[in-house]
Number of protein chains: 2
Amino acid sequence: MSEKDNTVNIHSEKNRYHHGDLRSALIEEGLKLIDTGPADALSLREIARNAGVSATAVYRHFPDKAALLGALCLEGHARMAKAFEAAMASASPGVEAFNAMGRAYVTFALAHPSLFRLMMAQPDGPVPVPPPSPGGGGSDGMQILVNAIDGLFGPDAPAHVREAGRLRAWSLVHGLAMLILDGQVPAEPALIDAVVDASVL
Amino acid sequence: MSEKDNTVNIHSEKNRYHHGDLRSALIEEGLKLIDTGPADALSLREIARNAGVSATAVYRHFPDKAALLGALCLEGHARMAKAFEAAMASASPGVEAFNAMGRAYVTFALAHPSLFRLMMAQPDGPVPVPPPSPGGGGSDGMQILVNAIDGLFGPDAPAHVREAGRLRAWSLVHGLAMLILDGQVPAEPALIDAVVDASVL
DNA sequence: CAAAAAATGTTTACACCGATAACATGTCCG
DNA sequence: CGGACATGTTATCGGTGTAAACATTTTTTG
C-alpha cells in the first residue's frame, strides 16, 4: 500500500515512532500480567500480544526473555524499596521500625507473589538486604534498612556481628514469606507477627 | 518382527511385563535428572527419553506431569527424613541436636537444589515441619524434629509458644536455604552456622 | 532535500514442550 | 484358545522461545 489514507502518521504525541516506546509498554504489560498468575505462566508471547505487537518485536529491546524478566525485577525492586521507606517512615526508630520493615517485606511478598519470586530468583540482580559477603551491592534505598539493623546492634558492635544479625533477620522474613507463598504455612497475620516480632531476639 | 531371537521374554525377574516396572524407572530417571539441572528444565519428555520409552507412555502411570513430579517429591521427603534422623542420631539431645537438625535442613537443600525447590513448591505435599495450623500433617519421621523443638521449650510451655518457635526455626533455616539457592547469599559454612546456631535464641 | 544508514516491527520457520486420541502389542484369566 | 485388560507407540494439536529474512519507518548525513 503506497498511499496513506487519512491518519496522520507523523508522531502525534501518542503514535510517535513505530509503536510509541515499546520496551516501557512491554515492562508495563509484563508487570500487569505477572500479578495475575503464576510466574512460570508469564510468556514472552503473551506479553507481546498484550502490547499489541508481534512476539519477535520483543527482541529489538531485550536480548531474550530473561532480560525482559530482569527489567521486571528492576521495577519490582524499586517498588519494594518504596514500601520499605513507607514502613520506615510510619514507625518510630529502633526495634519498632525494624519490625515494621520485616512486616513490609512479608507483606510485599504476599501482595506480589510472582514478582517477588522472580526478584529473588535473579542471582545477579540487586539484593534487598546486602549479605555479609564482600561486595554485596544492595538495592536502591535499602541502606535505610541496613542502618536500622546496625543501629539495633549498636554502632560499636563488631562488623561480623552486625552482618550475621542482618542475615539472620533476612533469612527469617524471607523464609516465612516463601513458606506462605508456597502454601506450606497459612497466611495468618497473627503468625506473621509472631515470627517477625521475634526477628531481633 | 514376529520371531523372537534369543532373549526370553517371559518375565525373567528383570524383563517382566512390557518394560519391567516403568513408573519406578521414571521416578528414578526423574530424580537423576533433577539433580543435574534447574527444576524447570525437567521435562516429561526427557524423563521418558532417558527411560527409553515414548513420551506418552508416562500417561499410563501418571495422570499428568504434575503427578510425576509429585512422586519425585515423595521420594525427596523420604530422603530428607533419613538425613534428619541421621543428624538427630549423631548429636546429643537438646540444643545441639536442634542445631544439627537445622544444619541438616540447609545441607539437604544445597545438596539437592532442584529437588528441594520442587518439594517445597508442592502445596499439598507432606511438610517437613508441621506449621501451627490445625491439621498440618507433617512428613514421615519428622515427629522427631517436633519433639526436639517441643523439648527445647519445655513440656509445660503453652502450645502456641511451641508452635511459634517451630515456625520461627523453620522460617529461619528455610529462608537461609532459599537465599543461598537463589544466589543471594554465598554458601559459606561459617555463615550457615552463624544463622542456624542462633535459631533457638 | 534526497539518499544512505540505523532502528524498529513483521512474517516465516524451527525445535521443544505438555497433552489427547487412535492404534498396536503384550499379558493374564476364564 | 480367546476375549479383557494393561501397557506402549504414533500422529497430532496448540503452546512456547528464538533465529533468519524481510519490510517499514525514522534518523542521519552528504
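Per chain, numbering begins at 1; letters A, B, ... match sequence-line order.
- Considering only side-chain N and O atoms, A/Arg23 lies nowhere under 4.0 angstrom from the phosphate OP1 or OP2 of C/dG9.
- A donor-acceptor pair under 3.5 Å is formed between the side chain of A/Gln184 and the backbone N or O of B/Met120.
- Looking only at side-chain heavy atoms (C-beta outward), A/Val173 and A/Met101 stay at 4.5 Å or farther from each other.
- Here the side chains of B/Leu110 and B/Ile192 are in contact, with some heavy-atom distance below 4.5 Å.
- Here the P atom of nucleotide D/dG17 and the CD atom of A/Glu46 are 9 Å apart, to the nearest Å.
- We find that CD1 of B/Ile47 is positioned 12 Å from P of C/dA19, with the value rounded to whole Å.
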For this session: Would you please test A/Lys32 and A/Thr36 for side-chain contact (heavy atoms from CB on, under 4.5 Å) and show each step?
Result: CA-CA 7 Å; A/Lys32 212 177 294 174; A/Thr36 66; over 6 Å; no
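- Residues from residues 54-62 of chain B with heavy atoms under 4.0 angstrom of DNA chain C, sorted by number: B/Thr56, B/Tyr59, B/Arg60.
- One N or O donor and one acceptor, one from the side chain of A/Arg45 and one from the base of D/dG17, sit under 3.5 Å apart.
- In this structure, B/Leu68 atom CG and C/dA19 atom P are separated by 10 Å, rounded to whole Å.
- In this structure, B/Leu118 and B/Leu42 have side chains that are not in contact, with every pair of non-hydrogen atoms separated by 4.5 Å or more.
- Between the CZ atom of A/Arg49 and the P atom of C/dG9 there is a distance of 18 Å, given to the nearest Å.
- Side-chain proximity of A/Leu22 to D/dG17, C/dG9, C/dG18: nearest is C/dG9.
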For this session: Could you walk me through whether A/Phe116 and A/His174 pass ring pair (Phe, Tyr, Trp, His ring centres under 6.0 Å), step by step?
Result: CA-CA 10 Å; A/Phe116 177 78; A/His174 187 74; 5.7 Å; yes
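- The distance from atom CG of A/Asp21 to atom C1' of D/dT25 is 16 Å, rounded to the nearest whole Å.
- One interatomic measurement links the two molecules: NZ of A/Lys65 to P of D/dT18, which rounds to 8 Å at whole-angstrom precision.
- For the pair B/Asp64 CG and C/dC17 P, the computed distance is 17 Å after rounding to whole Å.
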